[in-house]
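Right, one structure below, let's go through it.
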Amino acid sequence: MKQLLAGFVIWFFVSTNGLTQSTGQPGPAKLPRIAIAGLGIESSTFSPALTHEEAFHARYGPEVFNAYPFMMPVSPLRKQALWLPTVVGKSLPGGAVTREAYESLVTKTLDSLKKYGPYDGLYFDIHGAMSVVGLDDPEGDFLTRIRQVIGYKTLVSTSMDLHGNVSWRLAQQTDLMTCYRMAPHEDAMQTKERAVVNLLERIKSGKGKPAYKAWIPVPILLPGEKTSTRIEPGRSLYQQVEPASKQPGIVDAAIWIGYAWADEPRNQAVVMVTGDDKAAVTQAAEKLARNFWGVRHQFDFVAPTGSLEKCLADALASPKHPFFISDTGDNPTAGGAGDVTWTLTQLLARPEFQKANGPSLIYASIPDADLVKKAIVAGVGGLVDGTAGARVDARFAPPVKLRGTVTSIVRGDKDAEVEVVVKVGSIYVIVTQKRKPYHKEIDFTRLGLKPREANIVVVKIGYLEPELYAMQQGWIMALTPGGVNQDLARLPYKRIRRPMFPFDKDMKTPDLSAQLVPISGTSK
Ligand SMILES: [Zn+2]
C-alpha cells in the first residue's frame, strides 16, 4: 500500500507537471518536442492580383499559440509536449503569392526550425491551395525544404482545407494527413486539433509513422459552391469520412475537393487514408474514391443561380427580406481580387435605386484606399465624390463612380483597416481601405447597417456563411465575372490533368485504385 501510494504520489507529481511517464519508474519522462509551422492561403492564378508577405499576418514564436484555442495555456494538449512554434501565417484568399513573399516566409520558418531542433514531431498547418508566381506545388516545396532541416526522424502531421491540393510529393513528405470534413468549414479547429492529437498519439505510443498512406487522385475539379457538405451529394459523401477513419488499422481518412482557380497539374480531387493495416487503408480509400466518382454528376450549385439581372428581378419581386445575392465572380474568400466593379456598376445604373427612399440595398464591398481617404475628409454626413475599385482587376469594368453621403467611418478591422459606408440613392456601398470579406452580421451592424431590415444584401461571396445563411429570406448566386468565375468552363485552363470531369464530357472511368505513397524519407 505504501509502495502504491508512493507510486501514486510520483504519478501525481508527474502528471500535474504535465509530464508523461511511460516506464512506471520514478522520475519524469521526456516530453516530446513538437514544432509548429505553416502557411495558409488559396490563391487564384486567374486573378491579376498578387499577394504580398504582410497579407499573411504571420505569427512568430509563442504568438502562434493564439491561433489555436486548443493550445491555450490551460488546455490539456498544451501540457503534453514541449511545443516549439516557429511561423504560422494565414492570408485571406487572393491572387498568386509573389516569389519574394514566399521565399521570405519560408526562410524565416527554416531559420526558426534550425534554432530549436531536434524535433519528435512537426504540426504542419496549411491550406493547400497556395499559388506562387513561377513555382508549382508550393506546399510540397515548402515541406521538402523543411525536411532538409528537420530530417526524417521527425513525424510530420499535416492538416489542410478540403479545398487544398495534395500532390504526390506533399503526400510523401508528410506522415499523417487530414483535412476538413465540412464546407463551410465549421470543423476547422476540430480538424487542426485532430491532426495534433494524432501526432501526439503516434509519438507517445511509439507507433511512429503509419506504415501505409493510400493516395488516390480523382479527376474531378469542381467549385466549392457545388460541393458544400450542407447539401447532397457532398453531405452524404463527407459523412462517410469519419466512419472510414474509425476502422481498425486506420489513423485518418480525408477527401479533398481541390481548388478550381489555379492552373496546375496538382489541381484535382484527392482521397487519402493513412494507417497501419494495408488492406483496411487501401480498401477504405478506394471505397471513398469510387463513391466520389459515382456521384460526380449530382454536384450542383448550392443555391439557385442566375445572371445578375435575373437575381435582381427576383430580389425586387420578393415580398421577403433580406434577400441575399452572392456576387460570386469576385469572391475574395475564394481568391478574387475583390475590387471588380462590374456588379456595383450595374446596380448603381438601375432606376429602382436612384432615389434615397427606393428599395434599400447593401453592397459589400469594394476596396479603394483613395475613396476611403476622401470619405474621411468629408466626414460622416458629408458628401463624397470619387471613383472606387478596379485598381487590381479592371478587366470587366473600370473604376466605379461613387457620389453620395458618408453614413459611417469605422477604423480598426484587421483586414479592412478602415471601412466607410457611402449612401448613393438607396444603395449603401461599403468601401474599405483594404479588401475584406463580409461573413458575419456584426461585420454589417458595426458599420451602423441593418442587414435584417434591408430589402437586398449583395455580398462578394459564394455560398453564404452560416450567420448570413440563417438571416436570408431569399438567396440567389449571381454568376458574375471575376478571378473566381463560377463558370469553370470559361476559364482558360492549360495545365490541369486531362481528361477531367466535368470538362471532358465522355471521359472513361478513371483508375481509382489506391497508390501507396512511400513512407517519408524512404523509397518504399
Ligand atoms: Zn476551403
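Counting starts at 1 for both ligands and their atoms, following the listed order.
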Which atom, among the N/O/S set of H163, is closest to the Zn ion (ligand 1)? ND1

Please confirm whether the backbone N or O of P518 pairs with a side-chain atom of K213, one donor and one acceptor, at under 3.5 Å? yes

Lys/Arg-Asp/Glu bridge criterion (N-O < 4.0 Å) met for D252, R181: yes

With ring centroids as reference points, do Y180 and H185 lie under 6.0 angstrom apart? yes

Do F301 and Y463 make the cut of ring centroids closer than 6.0 angstrom? no

N/O/S atom name from H185 that is nearest to the position of the Zn ion (ligand 1): NE2

State whether E42 contributes an N/O/S atom found under 2.8 Å from the Zn ion (ligand 1). no

